[in-house]
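By convention here, the first residue in the shown sequence is residue 1. Please read these numbers as outputs of a predicted model, since none were measured by experiment. Below, all heavy atoms of this structure are taken into account, side chains as well, without hydrogens, waters or symmetry copies.
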Amino acid sequence: MQMTFTLAEEPDAQTAERGRLLFAGETDFVKGVVAMSGLPDPDRMEVCFAGRSNVGKSSLINALTGTKALARASNTPGRTQEINFFTAGESHYLVDLPGYGYANAPLPVVEKWQRLLKQYLSGRQTLRRAFVLIDARHGVKKVDDEIMSLLDSSAVTFQVVLTKADKVKEKEREKILEQVRGALTKHPAAYPKIVVTSSEKGWGIPTLRAIIATLE
């Protein structure tokens with residue numbers, strides 16, 4: 001039976017409060033990692049954020065944590081070349097993965113990033129979910145499909161988060177959502193709820209916080 005992909009519902013008041021409380025505490029940068037040996041101890045649950053360069057990943061992490069500069073937002077795609085770890089309260093790590101689809105990066109650099117990414121995804125037991133960010137203006141591209149296939153092969157459940165949803169009209173957004181749904185049917189590790197967000201407008205942020213806070 002083919003999986004159907006629907007929009008994530010807004011959380012009820014109690015679940016929304018769990019999400020708010022998780023991100024109301026201190027959120028700190030822990031370290032940037034360039035090799036598996038540098039990973040922090042796996043002593044808490046973690047979620048990671050993956051997305052092609054310039055998808056709005058830093059802005060989304062900043063919106064989730066209610067800070068303006070926790071994750072560096074940059075107009076230069078591919079600037080984040082490390083796996084960056086942040087704490088969320090006492091219980092979670094938020095993990096910012098290197099942006100992919102680096103048009104200007106040298107091939108050896110890209111290969112090194114990809115190798116580290118594969119090692120992290122397949123070897124991190126405390127990783128509960130990956131959030132794959134898709135730009136609402138463009139939908140799923142080839143590089144997105146590649147990261148989703150990597151998550152499939154690593155047996156890591158991933159959930160699509162549509163970013164910059166305020167940048168497109170509702171009719172166009174529906175077209176993009178249909179394209180995203182079609183792409184996801186090919187990926188067994190895809191979670192069947194899509195989160196639509198806008199970091200600028202705050203859309204979907206309470207929903208995403210609640211999802212992270214209630215992962216087991």
Side-chain angles (χ1 to χ4, degrees), residues 18-53 55-74 76-102 105 108-133 147-148 150-161 163 189 191 195 197 199 205 208-216:
R18 282 184 68 181
R20 188 193 71 78
L21 286 172
L22 173 62
F23 288 94
E26 284 207 24
T27 310
D28 295 310
F29 174 68
V30 179
K31 66 191 304 190
V33 174
V34 295
M36 289 293 285
S37 58
L39 291 177
D41 291 337
D43 56 2
R44 56 176 71 196
M45 181 189 298
E46 60 196 62
V47 296
C48 68
F49 299 85
R52 64 177 178 266
S53 299
V55 75
K57 187 154 48 71
S58 297
S59 298
L60 182 72
I61 292 171
N62 290 337
L64 281 171
T65 57
T67 59
K68 290 190 176 175
L70 183 71
R72 292 180 304 175
S74 171
T76 308
R79 182 174 166 183
T80 306
Q81 299 177 17
E82 304 171 336
I83 297 179
N84 289 310
F85 281 77
F86 304 90
T87 56
E90 299 292 325
S91 57
H92 287 64
Y93 280 131
L94 307 179
V95 185
D96 183 9
L97 299 180
Y100 53 84
Y102 344 83
V109 174
V110 174
E111 287 175 345
K112 183 184 175 186
W113 293 346
Q114 289 175 338
R115 196 159 53 245
L116 177 59
L117 199 55
K118 286 176 185 175
Q119 290 171 335
Y120 167 73
L121 291 173
S122 59
R124 193 68 170 170
Q125 294 177 335
T126 45
L127 178 61
R128 289 293 178 271
R129 185 166 299 175
F131 293 99
V132 176
L133 278 52
I147 195 80
M148 290 175 192
L150 175 57
L151 289 159
D152 290 334
S153 63
S154 303
V156 175
T157 300
F158 71 85
Q159 185 164 9
V160 160
V161 176
T163 62
Y191 189 78
V195 187
T197 68
S199 300
I205 300 303
L208 192 50
R209 285 174 177 160
I211 290 168
I212 295 168
T214 54
L215 285 171
E216 297 296 335

Atom OG of Ser91 and atom CG of Leu22: how far apart are they, to the nearest 0.5 Å?
-> 5.0 Å
Give a yes or no on whether Lys31 atom NZ has more than 12 heavy-atom contacts from other residues, nucleotides or ligands under 6.0 Å away.
-> yes
Donor-acceptor pair, side chain of Thr163 and main chain of Leu133, under 3.5 angstrom = no
Within-4.5 Å side-chain heavy-atom neighbours: Ser153 and Leu121 = no
Is a side-chain N or O of Arg18 found less than 3.5 angstrom from the main chain of Ala213, in a donor-acceptor match?
-> yes
Phe86 and side-chain contact (heavy atoms from CB on, under 4.5 Å): which partner among Val30, Leu64, Asp96, Thr67?
-> Asp96
Minimum heavy-atom distance Asp152-Ala189, with the two atoms named = OD1-N, 3.0 Å
Is there a side-chain contact between Phe131 and Ile212 (heavy atoms, below 4.5 Å)?
-> yes
Considering all heavy atoms, the nearest Thr126-Pro42 contact | CG2-O, 3.4 Å
Out of Phe49, Phe85, Phe29, which residue meets the ring pair (Phe, Tyr, Trp, His ring centres under 6.0 Å) rule with Tyr93?
-> Phe85
Could you check Leu97 against Tyr120 for side chain to side chain contact (heavy atoms under 4.5 Å, CB included), going step by step and ending with a plain yes or no?
-> CA-CA 10 Å; Leu97 299 180; Tyr120 167 73; 3.8 Å; yes
State, with a plain yes or no, whether a side-chain heavy atom of Asn84 is found less than 4.5 Å away from one of Leu94.
-> no
In terms of heavy-atom contacts, Val34 and Lys112 come closest through O-CE, 4.3 Å
Roughly how far, to the nearest 0.5 Å, is CG of Leu127 from CZ of Arg129?
-> 10.5 Å
Side-chain touch Thr87/Arg44, heavy atoms, less than 4.5 angstrom = yes
Side chain to side chain, Pro40 and Val33, heavy atoms closer than 4.5 Å | yes
Distance in Å, Ser154 OG paired with Arg124 CZ, rounded so as to fall on 0.5 Å steps = 14.5 Å
Flag the pair Met148 / Val160 as yes when at least one side-chain heavy-atom distance between them is below 4.5 Å, and no otherwise.
-> yes
Taken to the nearest 0.5 Å, the spacing of Gln159 CD from Ile211 CD1 works out to 4.5 Å
